[in-house]
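The chain is numbered in sequence order, starting from 1. All values below were derived from every heavy atom in this structure, side-chain atoms included, with hydrogens, water molecules and symmetry-related copies excluded.
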Amino acid sequence: MKAIKKLFGGLHLTWPKLILFAVIAGVYTGLINQVPFLYNTSFRDIAIYFDRWVLFGILIIMNAKSNLDAALKCFVFFLISQPLVYLVEVPFLGWQIMGFYRNWILWTVLTFPMGFVGYYMKKDKWWGLAILTPMLALVAVHYHLYLNQTVFSFPRHLYSALFCGVTMLLYALCIFSEKRVRIAGVVISALLLVGMTTWTILQPPVYSTEIIYSSKEADGVDFDDSYKAYFTDDSYGTLSIRYEEALDSYMVHADIRKAGNAEVVLEAPNGKAVHYQIAIEDGTYEIEKSK
């Protein structure tokens, strides 16, 4: 624990070290985001979400020497690392990827006042915990997002969910030395984690989409609401046949509860059935008629 706590105030973070840290973080994030087999895993979450960057920001603040030092170092770190992420991706995706950097410009500017105010966490007072609490809430939102993805497609994003939970508890333990403030911080983090976990249990993720459309084409199936549609394994979710007025067509609507490879059956009133194989991922699917 002492070694971990040293990261939160015991490092000699010079400007050359900060710039090197920013370059490594930016290049690593840009490269890891281009590895195809890491798609939809915890390893690429650093390129999409904020939770790892919250940790970087807090580490910079806690190892700064003054309010101004914290503000400047946070600003410069994000000013270097964020455009580097997209520059590294240019050879893979083209210059148009730089257009996404504009989403980070405002956040980069805001790191200056956030670093300035965040430095007061080092004073080890109750109002330091008040400064930390919004960051705990932000990470808790990410925890809920990751936990939903883990429940839907276990074990994907499990590491990210654990990362958020562990760092939320560590922030209070490592930033503050005053016992009551530390306990209050741990309690706040624990309540946020319990609340988000309960939310996921009571309202598990559901991917709602249309998977089959009625068609009179030779390779299609012309069906209406007299047909039945279902998964052979109902743990994948539920299917229903609906009519879409805008398309003047019937369709199979799916409320999917988990990822995986499943079989869908479209059954006519006379018992004749058409089978489909569907490969489900988080937010996407591929379906084809069984041969």
Considering residues at least two apart in sequence or located in another chain, which fulfil the side-chain hydrogen bond (donor to acceptor under 3.5 Å, both in side chains) criterion with [X]?
X: S226; result: D224
X: S214; result: D222
X: Y171; result: none
X: S153; result: none

Name the atoms and distances for all side-chain donor-acceptor pairs under 3.5 Å in residues 199-208, with sequence neighbours left out.
from, atom 1, to, atom 2, distance (Å)
W199, NE1, Q203, OE1, 2.9
T200, OG1, M196, O, 3.1
Y207, OH, G283, O, 3.3
S208, OG, D255, OD1, 2.6

What residues form a side chain to side chain contact (heavy atoms under 4.5 Å, CB included) with I287, not counting sequence neighbours?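 With sequence neighbours excluded, I287 shows a side chain to side chain contact (heavy atoms under 4.5 Å, CB included) to I211, I212, Y276, I278, Y285, given in chain and number order.
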Show me the donor-acceptor pairs, under 3.5 Å and distance only, between side chains in residues 8-18 and residues at least two apart or in other chains.
from, atom 1, to, atom 2, distance (Å)
T14, OG1, K17, N, 3.4
K17, NZ, H12, O, 3.2

Pairs touching residues 65-88 that satisfy side chain to side chain donor-acceptor pair (under 3.5 Å), sequence neighbours left out: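 Only D69-K73, Q82-W104 qualify under side chain to side chain donor-acceptor pair (under 3.5 Å).
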With side chain to side chain donor-acceptor pair (under 3.5 Å) as the rule and sequence neighbours excluded, what pairs involving residues 110-137 come up?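 Qualifying pairs, neighbours excluded: none.
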Ring pair (Phe, Tyr, Trp, His ring centres under 6.0 Å) partners for Y250, two or more places apart: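 Checked Y250 against ring pair (Phe, Tyr, Trp, His ring centres under 6.0 Å); matches are Y243.
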Does anything in residues 266-286 pair up under salt bridge (Lys or Arg N to Asp or Glu O under 4.0 Å), and if so which pairs, sequence neighbours excluded?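 Pairs touching residues 266-286 that pass the test: K228-E267.
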Distance-only check: which donor-acceptor pairs under 3.5 Å involve side-chain atoms of residues 25-37, not counting sequence neighbours?
from, atom 1, to, atom 2, distance (Å)
T29, OG1, A25, O, 2.7
N33, OD1, R44, NE, 3.1
N33, OD1, R44, NH2, 3.3
N33, ND2, E89, OE2, 2.7
Q34, NE2, E89, OE2, 3.0

